[in-house]
Enquirer: 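Here it is, the structure, as structure tokens.
In listed order, ligands and their atoms are each counted from 1.
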Amino acid sequence: MPPGGRNVQRTLSIIKPDGIGKGLIGEVVRRFEKEGIRIIAMRMFRLTLREAEGFYAVHRERPFFGSLTEFMSSGPIVVMVLEGDDVISRNRALMGATDPKKADKGTIRADFADSVERNIVHGSDATETAETEIRYFFSDLDVSE
Ligand code: UDP
Ligand code: MG
């Protein structure tokens, strides 16, 4: 990238069932919008267990996989495509560390999460995973330019 050049990215954000249960849709959206991050697609629905397993397939061998996918299919979620400069890392910074006890003060997870599993939000961690995860939930037609 040229010095001072822009690095516009897209990333997938999910407000997990605990975030919906705690009434945090508006709070999470507000944090994105306040940072100048654009929401260019949004859907709300409940995942089946199979769909949650597909989404988290990379974690299939981890001990927490069964509990995580049960939790993720336990109630509705909100999925969003975010767009902005360096939005993958900026979203991860707003979210905070996976374990809320280790998350920086003022991050979504530090402020609201109950546990390492029930940690309110998901965010893609790299450009390739962002692309795969966006495609898991959205067609090109759902995304506004
Ligand atoms: N997770 C869990 N136990 C762990 C690690 C992760 O239940 O020890 C859950 C948690 O909900 C996390 C998700 O699995 O958000 C995916 O894990 P990852 O390591 O990718 O964390 P993230 O990218 O969400 O910070
Ligand atoms: Mg992850």
Enquirer: Considering non-hydrogen atoms of the protein only, which is the closest contact for atom 24 (O) of ligand 1, and what is the distance?
Expert: Arg109 NH2, 3.0 Å
Enquirer: What protein heavy atom sits nearest atom 22 (P) of ligand 1, and how far away is it?
Expert: Thr98 OG1, 3.6 Å
Enquirer: Are Asp125 and ligand 1 in contact, using a heavy-atom cut-off of under 4.0 Å?
Expert: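 It does not; every heavy atom stays at 4.0 Å or beyond.
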Enquirer: Rounded to the nearest 0.5 Å, how far apart are CD of Glu83 and CD1 of Ile37?
Expert: 11.0 Å
Enquirer: Enumerate the atoms of ligand 1 whose separation from the nearest heavy atom of Asn119 is less than 4.0 angstrom.
Expert: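 Numbered from 1, ligand 1 contributes 10 (C), 11 (O), 12 (C), 15 (O).
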Enquirer: Starting from atom 17 (O) of ligand 1, locate the nearest protein heavy atom and write down its residue, its atom name and how far away it is, to 0.1 Å.
Expert: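 For this ligand atom, the closest protein heavy atom is His59 NE2, 3.5 Å.
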Enquirer: Backbone or side chain, does any N or O of Glu117 fall under 3.5 Å from an N or O of ligand 1?
Expert: yes
Enquirer: At a non-hydrogen distance cut-off of under 4.0 Å, which region of Asp99 contacts ligand 1 (side chain, backbone, both, or neither)?
Expert: neither
Enquirer: Can you pull out the closest protein heavy atom to atom 10 (C) of ligand 1? Residue, atom name and distance to 0.1 Å, please.
Expert: Val116 O, 3.1 Å
Enquirer: Suppose we measure from atom 5 (C) of ligand 1 to each protein heavy atom; which comes out shortest, and what is that distance?
Expert: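 Closest protein heavy atom to atom 5 (C) of ligand 1: Phe64 CE2, 3.5 Å.
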Enquirer: Any idea which atoms of ligand 1 are less than 4.0 Å away from a heavy-atom of Leu68?
Expert: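 Selected atoms, number and element: 9 (C), 11 (O), 13 (C), 14 (O).
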Enquirer: Using non-hydrogen atoms of the residue, decide whether Arg62 is closer than 4.0 angstrom to ligand 1.
Expert: no
Enquirer: Any chance you could measure Arg109, atom CZ, to Arg92, atom CZ, to the nearest 0.5 Å?
Expert: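 Answer rounded to 0.5 Å: 6.0 Å.
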Enquirer: Indicate, as side chain, backbone, both or neither, the part of Lys16 found under 4.0 angstrom from ligand 1 when only non-hydrogen atoms are considered.
Expert: side chain
Enquirer: Any Lys/Arg nitrogen of Glu35 or Arg31 sitting under 4.0 Å from an Asp/Glu carboxylate oxygen of the other?
Expert: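 Looking at Arg31 together with Glu35, the answer is no, because their closest N to O distance does not fall below 4.0 Å.
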Enquirer: Drop me the distance from Arg60's CZ to Glu53's CD, to the nearest 0.5 angstrom.
Expert: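 Answer rounded to 0.5 Å: 10.5 Å.
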Enquirer: For the CG atom of Asn119 and the CG atom of Asp99, what is their distance to the nearest 0.5 Å?
Expert: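 One gets 8.5 Å once the value is rounded to the nearest 0.5 Å.
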Enquirer: Once rounded to the nearest 0.5 Å, what's the spacing between atom CZ of Arg135 and atom CG of Leu12?
Expert: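 Here the interatomic distance stands at 12.0 Å.
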Enquirer: Any side-chain heavy atom of Phe55 sitting closer than 4.5 Å to one from Met72?
Expert: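 Answer no - side chains too far apart.
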Enquirer: Inspect the contact between Glu27 and Arg30 and indicate whether a charged nitrogen and a carboxylate oxygen are less than 4.0 angstrom apart.
Expert: yes
Enquirer: Measure the CD1-CD distance between Ile77 and Glu51 for me, rounded to the nearest 0.5 Å.
Expert: 8.5 Å
Enquirer: Heavy-atom pairs closer than 4.0 Å: do any link ligand 1 to the side chain of Arg92, the backbone, both, or neither?
Expert: side chain
